[in-house]
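This report refers to the structure that appears directly beneath it.
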Amino acid sequence: MLNRRHRVALLDASGRRVRVVHGASRPELPRLDVSWPEPSDLFAAVGVDEADTLSPPWRDDDGIVTHVMRIPDGGSAGGAWCPLDEVVELSTDAVERITADVVRWSETHHDDDRPAWYRAGWREGVDAWVDGALAARGLVRRGAAELIKLWSLSAVLRYTVDDDASGQRSVWFKATYDGFHAEPAITEEVAAHAPELA
């Protein structure tokens with residue numbers, strides 16, 4: 001199995017400071033040595049329950065895959081923080097790329113080929129759509145969605161809902177890259193033939 005090295009650049013709400021490994025002799029970003037981390041792995045590495053993912057992960061010149069995330073507005077995280085440009089392991093190009101990711105995310109550019117889930121406000125829009133779809137079925141969401149998967153081709157969220165018939169259950173939301181526009185119809189067809197699987 002391919003083993004990759006990953007690092008997480010978790011920025012504070014200002015976008016100028018980054019979470020670093022506590023107790024390290026010099027500021028360094030949290031790392032993971034896995035083939036491909038799930039969102040929960042990334043959150044655990046930086047000590048938060050949730051963060052905005054600002055861009056698709058990218059491989060730096062040193063071969064390490066960098067995941068750029070940001071504390072949501074009003075959110076906080078403990079631990080050690082330092083200015084982004086003081087992280088010695090990051091090249092000047094990497095610092096510039098992270099800074100550009102922050103700007104593109106916060107300004108919600110729509111013409112740069114990034115999927116919608118790498119833009120500010122996407123989650124809020126999805127939550128509103130899901131709430132409307134649930135209400136039409138007499139269901140109510142319970143708490144925030146759990147981010148299950150996020151990458152260049154899709155984003156998957158799991159919602160817990162109150163259901164009079166069964167108590168609580170999970171409802172799934174999946175957004176796909178434009179090239180997979182047929183996936184909802186395929187899912188519907190699978191559900192018709194194998195409802196226990198879809």
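None of the values given here were measured: they were computed from a predicted structure.
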Problem - Common cluster, Y177/L150, ILVMFWY with side-chain heavy-atom separation under 4.5 Å - result: no
Fill in the blank from the handout: Looking only at heavy atoms, the pair that brings L54 and D101 closest together is CB-O, 4.2 Å
Practice task
Please indicate whether W122 has more than 12 foreign heavy atoms, meaning atoms of other residues, nucleotides or ligands, lying under 6.0 Å from its CH2.
Solution key: yes
Handout entry: Exam field: side chain R7 to backbone L29, donor-acceptor pair closer than 3.5 Å
Key = no
Exercise for the section: Indicate yes or no for a side-chain donor-acceptor contact from R70 to the backbone of A13 under 3.5 Å, with no hydrogens or angles considered. Expected result: yes
Handout entry: Single-linkage hydrophobic cluster W81~M69, side-chain heavy atoms < 4.5 angstrom
Key = yes
Exercise for the section: Enter the distance from D33:CG to I64:CD1 here, rounded to the nearest 0.5 Å. Expected result: 8.5 Å
Completion exercise
When rounded to the nearest 0.5 Å, the distance separating CD of E189 from CD1 of I186 is 9.5 Å
Exercise for the section: Determine whether more than 12 heavy atoms belonging to other residues, nucleotides or ligands lie under 6.0 Å from atom CD of E124. Expected result: yes
Handout entry: Cation over ring face, K149 and W151, 6.0 Å, 45°
Key = yes
Practice task
Test side-chain contact (heavy atoms from CB on, under 4.5 Å) on L84 and L90 and set out the steps.
Solution key: CA-CA 9 Å; L84 178 61; L90 294 175; 3.8 Å; yes
Practice task
Kindly indicate, with the supporting measurements, whether the criterion side-chain contact (heavy atoms from CB on, under 4.5 Å) is fulfilled by I148 and F173.
Solution key: CA-CA 10 Å; I148 301 297; F173 173 90; over 6 Å; no
Handout entry: Between CD on residue E38 and CZ on residue F43, distance to nearest 0.5 Å
Key = 11.0 Å
Practice task
Please tell me if the side chains of L32 and H67 come closer than 4.5 Å, counting only heavy atoms from C-beta onward.
Solution key: no
Handout entry: Steps toward side-chain contact (heavy atoms from CB on, under 4.5 Å) verdict (T66, R97)
Key = CA-CA 10 Å; T66 301; R97 186 163 185 177; over 6 Å; no
Exercise for the section: May I ask you to decide if S152's main-chain N or O and W117's side chain share a donor-acceptor pair within less than 3.5 Å? Expected result: no
Exercise for the section: Check whether any side-chain heavy atom of H6 lies under 4.5 Å from a side-chain heavy atom of D41, and answer yes or no. Expected result: no
Practice task
Spell out, yes or no, whether Y118 and L153 are grouped together once hydrophobic residues are joined by side-chain heavy atoms under 4.5 Å, including indirect joins.
Solution key: no
Exercise for the section: Check the surroundings of atom CH2 in W58: do more than 12 heavy atoms from other residues, nucleotides or ligands lie under 6.0 Å from it? Expected result: yes
Practice task
Would you check if W105 and T53 make a side-chain contact, meaning some heavy-atom pair closer than 4.5 Å?
Solution key: no
Problem - R114 side-chain N/O to A116 backbone N/O, donor-acceptor pair under 3.5 Å - result: no
Handout entry: Joint cluster assignment, L11 & V95, ILVMFWY side-chain distance < 4.5 Å
Key = yes
Handout entry: Spacing of CD belonging to E146 relative to CD belonging to E50, to within rounding of 0.5 Å
Key = 9.0 Å
Handout entry: Gap separating the CG atom of L10 from the CG atom of D52, nearest 0.5 angstrom
Key = 10.0 Å
Practice task
Write down the atom of V87, the atom of P27, and the distance for their closest heavy-atom approach.
Solution key: CG1-O, 3.7 Å
Fill in the blank from the handout: V102 and G15 have their tightest heavy-atom pair at CG1-CA, 4.3 Å
Problem - Donor-acceptor contact present, side-chain R137 to main-chain A133, <3.5 Å - result: yes
Practice task
Evaluate whether atom CG of D49 has more than 12 neighbouring non-hydrogen atoms of other residues, nucleotides or ligands under 6.0 angstrom away.
Solution key: no
Practice task
Inspect the surroundings of CZ in R142 and state if more than 12 heavy atoms from other residues, nucleotides or ligands are less than 6.0 Å away.
Solution key: no
Practice task
Please report the closest heavy-atom contact between H193 and P195, naming both atoms and the distance.
Solution key: C-CD, 3.6 Å
Handout entry: Step-by-step side-chain contact (heavy atoms from CB on, under 4.5 Å) determination, V161 to R169
Key = CA-CA 6 Å; V161 299; R169 65 179 168 130; 3.7 Å; yes
Exercise for the section: Kindly compute the distance separating CG (D162) from CZ (R141), expressed to the nearest 0.5 Å. Expected result: 11.5 Å
Problem - D12 and S14: side chain donor to acceptor below 3.5 Å - result: yes
Exercise for the section: Tell me whether V171 is reachable from V126 by hopping between hydrophobic residues (I, L, V, M, F, W, Y) whose side-chain heavy atoms are closer than 4.5 Å. Expected result: yes
